[in-house]
Amino acid sequence: SLTTGPMGYPSRVANLNHGAQYYFNIGSIDSFERNLDIAQRELGISSHDYVPVQYVNETNWTSELTKLAPTFLIIAAWLFMMRNMAGGAG
């Protein structure tokens with residue numbers, strides 16, 4: 001069951017799944033931590049039961065390679081022209 005406490009936060013949740021993990025993107029770490037701390041205090045959660053937060057930075061390699069594509073194209077065009085010029089000299 002779920003009841004709403006002050007400021008609309010849940011005040012009691014039954015049958016919690018202790019193995020659940022949630023992943024999401026946050027904007028500002030400082031703002032997120034401040035809001036999480038306020039919410040947990042308003043819920044009356046003791047500090048040793050606070051939600052553990054782990055920050056993970058993941059790199060999207062496709063996006064990173066896409067950023068480098070124009071550079072690779074310029075280098076490839078330059079190499080192609082140099083090879084053709086060297087072939088015409090001899």
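All figures in this text were calculated on a predicted structure; none of them were measured in a lab.
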Check your understanding: Can Met85 be reached from Ile75 by stepping across I, L, V, M, F, W or Y side chains whose heavy atoms are under 4.5 Å apart?
Key -> yes
**Study point:** By side-chain contact (heavy atoms from CB on, under 4.5 Å) - contacts of Leu65 (at least two apart)
**Key:** none
Review point. Say you draw a straight line from CG of Leu68 to CG of Leu73; how long is it, rounded to the nearest 0.5 Å?
Key: 11.0 Å
Review point. So, for Tyr50 and Ile45, which heavy atoms are closest and what is the spacing to 0.1 Å?
Key: CE1-O, 3.3 Å
**Study point:** Residues forming a side chain to side chain donor-acceptor pair (under 3.5 Å) with Glu33, sequence neighbours excluded
**Key:** Tyr55
Study note, to complete from the structure: Contacts satisfying salt bridge (charged side-chain N to carboxylate O under 4.0 Å, His left out) that involve residues 44-54 (not counting sequence neighbours) are none
Review point. Looking at residues at least two apart in the chain, or sitting in another chain, which of them share a side-chain contact (heavy atoms from CB on, under 4.5 Å) with Phe80?
Key: Arg83, Asn84
**Study point:** salt bridge (charged side-chain N to carboxylate O under 4.0 Å, His left out) contacts touching residues 63-79 (sequence neighbours left out)
**Key:** Glu64-Lys67
Exercise for review: Mind checking the CD-CG spacing from Gln40 to Asn35? Nearest 0.5 Å is all I need.
Suggested key: 11.0 Å
**Study point:** side chain to side chain donor-acceptor pair (under 3.5 Å) involving Arg34 - partner list, sequence neighbours excluded
**Key:** none
